[in-house]
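Step one of this worksheet: look at the structure below.
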Number of protein chains: 2
Amino acid sequence: MTTRTAGRPYHHGSLPETLVAHAVELLDEAGPDAVVVREVARRAGVSPSAPFRHFPDRAALLAAVAEAVAVDFGALQLAAVEAADALPFRALGKAFVHYALAHPHRFALLRDTVFTPARTPALEEGHRLFTEAITGVIIAGQQRGELRGADPDLVRIAAQALVYGLSQMFVDGYLDPTRADTLINDVIDLFGLGVLAPGSRL
Amino acid sequence: MTTRTAGRPYHHGSLPETLVAHAVELLDEAGPDAVVVREVARRAGVSPSAPFRHFPDRAALLAAVAEAVAVDFGALQLAAVEAADALPFRALGKAFVHYALAHPHRFALLRDTVFTPARTPALEEGHRLFTEAITGVIIAGQQRGELRGADPDLVRIAAQALVYGLSQMFVDGYLDPTRADTLINDVIDLFGLGVLAPGSRL
DNA sequence: ACATCCATGTGATCGCTGATTACATATGGG
DNA sequence: CCCATATGTAATCAGCGATCACATGGATGT
């Protein structure tokens, strides 16, 4: 006799989604290493081997988690840039950093998963959307004459590196998260103006 | 009777160092997760429990590895900035990115360890040296009039975020490593000049 | 020179994990 | 109605981190 209650039939019905949800829970609590198949199964109320019916191995489960997180993250990024009536560059950067600070473990998982050789179409697509969003902001800015005419790809890469690095430094505890907004503003200002004195080289 | 040969006495003599060396080997081969205590012991030719005589747990061994790596990394950074007769900013950035590309797993370990609450004095010191190095470069540049008079701390943070983010993007496979040098040059140029058109905001 | 202390290494063992296998159950198509 | 199949379970395996009692031998004091 099993311990299953009347509420849950023998066949769960939506076990994969439930497993991913509990895995995200574990991820948020204690990082990627804490996403332990057996614990996920325990929280879902199924046997330790049940998850392997739906995911070939632990890595596949983590990949599904990464996909779910990437979708969530991408949606927030898009919402942020759409909600920004002005200064979309700043809005994008802040949304990025704020997400990383709110969900540091998700940030780590995405960092380690998104660029994996075995990345799935969904991850690829999410990433493409994000890159296009920031590229669009840059090109629009250049067309309005707010940006110098530098190579948009180069500007995008620099901007991504800046916000990416900043996020990581906040998450790592190297920078004080309570100063996030002002610091982002200042760094973006600096990036806009440059640090070079006329006639010099770095 | 044990299988130990004449070469190695019962008491190893320098087991901690040997263990760390093999751990670095494993780290370089397959990342932090591959630093498995038992495998380290195997490679050192000792019993599975021997490492625990010198490190209270696996995390402590990894911390020792991180210290060793941090020393190595810091030395290379200092050498790079000293060897650079001109454009020290560029030299520092390239040295950073090149180290990350040459040893991606060490880069990951440092990222996850250096800012840990339980970081050791050695790590702290290594990090302080690095921060001071880049701050020195910035202040010297400002004194020679090559840099605008912006807050040196802000410039340093932005520069660190830029080179840090760029390194991560290379390591993650998002940017083509073979273009590293030109891309670093271009991004640093861009950072120096800024992207803002006169009279605009980002 | 000798006895002894104790740092260092060993072997056995524990609980936990990822993964595989044979078996149980229920659902939906013929 | 019946059974093929998808989905869940139980039992089991090897590998892992960690602990403990025990073995060994180098260093120390007299």
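Side chains included, hydrogens not; waters and symmetry mates left out as well; all remaining heavy atoms used. In what follows, chains carry the letters A, B, and so on, assigned in the order in which the sequence lines appear, proteins first and then strands, with residues in each chain numbered from 1.
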For this session: In whole angstrom, give the distance that lies between atom CZ of A:F52 and atom C1' of D:dC13.
Result: 13 Å
Exercise. Charged N to carboxylate O under 4.0 angstrom, B:E25 versus B:R106?
Worked result: no
Problem set entry | Under 4.0 angstrom between A:R42 side-chain N/O and C:dT17 OP1 or OP2 | yes
For this session: From the options D:dC22, C:dG11, C:dT21, select the nucleotide whose nearest atom is closest to the side chain of B:S49.
Result: C:dG11
For this session: Round to the nearest Å and state the distance from B:L62 atom CG to D:dA18 atom P.
Result: 10 Å
For this session: Check the side chains of B:R111 and B:Y164 for a donor-acceptor pair under 3.5 angstrom, ignoring hydrogens and angles.
Result: no
Exercise. Over how many whole Å does the gap from B:R58 atom CZ to D:dG15 atom P extend?
Worked result: 18 Å
Exercise. When you match A:E39 and B:S47 each to their closest nucleotide on DNA chain C, which lands nearer the 5' end?
Worked result: B:S47
Exercise. Which is it for A:D72 and A:H103 under the side chain to side chain donor-acceptor pair (under 3.5 Å) test, yes or no, and what are the steps along the way?
Worked result: CA-CA 11 Å; A:D72 183 50; A:H103 309 288; 5.3 Å; no
For this session: Mind calculating the distance between CZ (B:F55) and C1' (D:dC16) to the nearest angstrom?
Result: 18 Å
For this session: Compare the minimum distances between each of D:dT12, D:dG8, C:dT10 and the side chain of A:R38, then state the nucleotide with the smallest one.
Result: D:dT12
Exercise. Separation of B:L61 atom CG from D:dG17 atom P, in whole Å?
Worked result: 10 Å
Exercise. Just to confirm, is there a sub-4.0 Å distance from OP1 or OP2 of D:dA6 to any side-chain nitrogen or oxygen of A:H54?
Worked result: no
Problem set entry | Protein-nucleotide distance (A:L15, atom CG; D:dG8, atom C1'), rounded to Å | 9 Å
For this session: Would you mind telling me which of C:dT10, C:dA22, C:dG18 lies closest to the side-chain atoms of A:R53?
Result: C:dA22
For this session: State, to 0.1 Å, how close B:L27 and B:H105 come at their nearest heavy-atom pair, and which atoms those are.
Result: O-CB, 3.1 Å
